[in-house]
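It should be emphasised that the depicted structure is a prediction, and the values quoted were computed from it without experimental measurement.
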Amino acid sequence: MILKIARLHQRVHDNRKDFHFNLAHHLTQNAGMVFVEDLNFKAWAKGMLSKHTLDAGNGCVH
């Protein structure tokens with residue numbers, strides 16, 4: 001049972017990572033200019049939008 005859950009977590013992790021790589025590739029190939037912003041996900045995770053922030057999988061909060 002634990003291995004099944006671990007595999008599911010790994011699958012979600014891999015899918016999110018693949019999506020981010022594909023999105024980054026698409027943006028760099030099709031955009032004239034790309035801006036990057038350094039967001040503080042730790043602060044977001046403690047605020048009002050904590051559940052939404054963590055569910056989106058945008059950043060890693062440790």
Side-chain angles (χ1 to χ4, degrees):
M1 183 67 170
I2 293 174
L3 288 176
K4 279 187 176 183
I5 294 171
R7 275 189 237 130
L8 287 174
H9 282 288
Q10 186 64 42
R11 191 171 171 192
V12 168
H13 174 267
D14 292 343
N15 285 338
R16 286 180 175 168
K17 189 173 185 179
D18 184 54
F19 172 76
H20 291 146
F21 278 122
N22 287 336
L23 179 63
H25 178 74
H26 176 76
L27 290 174
T28 55
Q29 293 298 315
N30 298 322
M33 192 175 296
V34 177
F35 295 92
V36 179
E37 184 176 359
D38 186 23
L39 298 174
N40 186 356
F41 287 107
K42 286 184 181 182
W44 277 19
K46 294 177 184 174
M48 229 170 70
L49 300 173
S50 62
K51 188 172 184 178
H52 301 292
T53 301
L54 297 175
D55 286 345
N58 293 324
C60 183
V61 178
H62 294 274

Within the distance-only criterion (no hydrogens, no angle test), does the side chain of H20 pair as donor or acceptor with the backbone N or O of R16 below 3.5 angstrom?
-> yes

Spacing of L23 atom CG and T28 atom OG1 [to the nearest 0.5 Å] | 9.5 Å

Reported CD-to-CG distance for the pair Q10 and N15, which is rounded to 0.5 angstrom | 10.0 Å

From M1 atom CE to I5 atom CD1, the distance as rounded to the nearest 0.5 Å = 4.5 Å

When clusters are formed by joining ILVMFWY residues with side-chain heavy atoms under 4.5 Å apart, either directly or through shared neighbours, do L27 and F19 land in the same one?
-> yes

Between atom NZ of K17 and atom NE2 of H13, what is the distance when rounded to the nearest 0.5 Å?
-> 5.5 Å

